[in-house]
Structures are given as structure tokens and as C-alpha cells.
Amino acid sequence: MIRYLRYAFLAILGIVLISVSLANRETVELTLMPEAFAELLGFNLSTSLPLFVVVLGGVVAGLIIGFLWEWLREHKHRRDASSKKSEVRKLEREVKKLKKKQNEGQDEVLALLDEAS
């Protein structure tokens, strides 16, 4: 059921994006810098693009910048989780080694029962 809701949402989103694109096909001039600043430097890059490309490109660029920012911000949490995970593995190996050492010389069945508890 949820899969169909997701497909319906994606279809509606696609229809909306296509209609926005068709409604905003006019070309706009994009320039790199304002005119006064460009005169000081002596160059100014510019291009003509359809308006919907500019809008959707801005949305995509914002999403990429946001994901990258969040990934960098969470780096310390991932590092801490990784160190804790390796520490847990080390302690589990140590516990297993100590249980094995404690159960040396015991009956196998009793050792299994002690290990299970």
C-alpha cells in the first residue's frame, strides 16, 4: 500500500515539475557579477538559460550543499560511533576469552550452560 502511495506522490511531483517547466520556458540572462564590479575586474561571464533550469538548478544546488554540510557536521558523531563499535568488539573478544579460560577443565555441558547465562 505504501509503495503505491509513494508512486502516486512521485507521479504528482513529476506532473507539477513538468507543468512548472512548461510555464517558465522564457530565457533569462545570468551574469556572474554585478555590472559595477565587472567593470573593475574587466570581465563578466554571462549565459542565457530557460527560467525553469535556473529555478530547478538552484533547488538541486541547495540540496547538494545542505547534504554536504550535514555530512561534514555529523563527522564527529560517526567517528565516535566507530570508535565505540571497535571498543565493544574488543571487549566482547576479551569476555569470550575469559569465559573460555574460566571453563577450562569443566565438563563440556556445564561449560555450555555457564556460557549461556
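Here the structure is a predicted model, which means the values were calculated and not measured.
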Inset, instruction - Starting from V60, walk the hydrophobic network (Ile, Leu, Val, Met, Phe, Trp, Tyr; side-chain heavy atoms closer than 4.5 Å) and list everyone else you reach, by chain and number. - result: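 Under the 4.5 Å side-chain rule, V60 groups with I64.
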Mind checking the [atom1]-[atom2] spacing from [X] to [Y]? Nearest 0.5 Å is all I need.
X   : Y   : atom1 : atom2 : result
L10 : I15 : CG    : CD1   : 11.0 Å
L17 : L56 : CG    : CG    : 6.0 Å
L51 : L30 : CG    : CG    : 9.0 Å
D80 : S82 : CG    : OG    : 9.5 Å
L91 : L98 : CG    : CG    : 10.5 Å
L13 : F9  : CG    : CZ    : 5.0 Å

Legend entry - Heavy-atom closest contact (N44 atom, P34 atom, distance):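 The answer is ND2-O, 4.5 Å.
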Legend entry - CA sep, side-chain torsions, deciding dist, call: E92, R89, salt bridge (Lys or Arg N to Asp or Glu O under 4.0 Å): CA-CA 5 Å; E92 284 175 346; R89 281 193 208 125; over 6 Å; no
Inset, instruction - Just do the side chain to side chain contact (heavy atoms under 4.5 Å, CB included) check on H75 and R79 with the steps written out, would you? - result: CA-CA 6 Å; H75 173 71; R79 184 187 60 221; 4.2 Å; yes
Inset, instruction - Determine which pairs satisfy side chain to side chain donor-acceptor pair (under 3.5 Å) with at least one residue from residues 18-27, sequence neighbours left out, and list them in order. - result: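 Listed once each, the pairs would be none.
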Inset, instruction - Flag yes if more than 12 heavy atoms outside E94 fall under 6.0 Å of its CD atom; otherwise flag no. - result: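 Incorrect, the count does not exceed 12.
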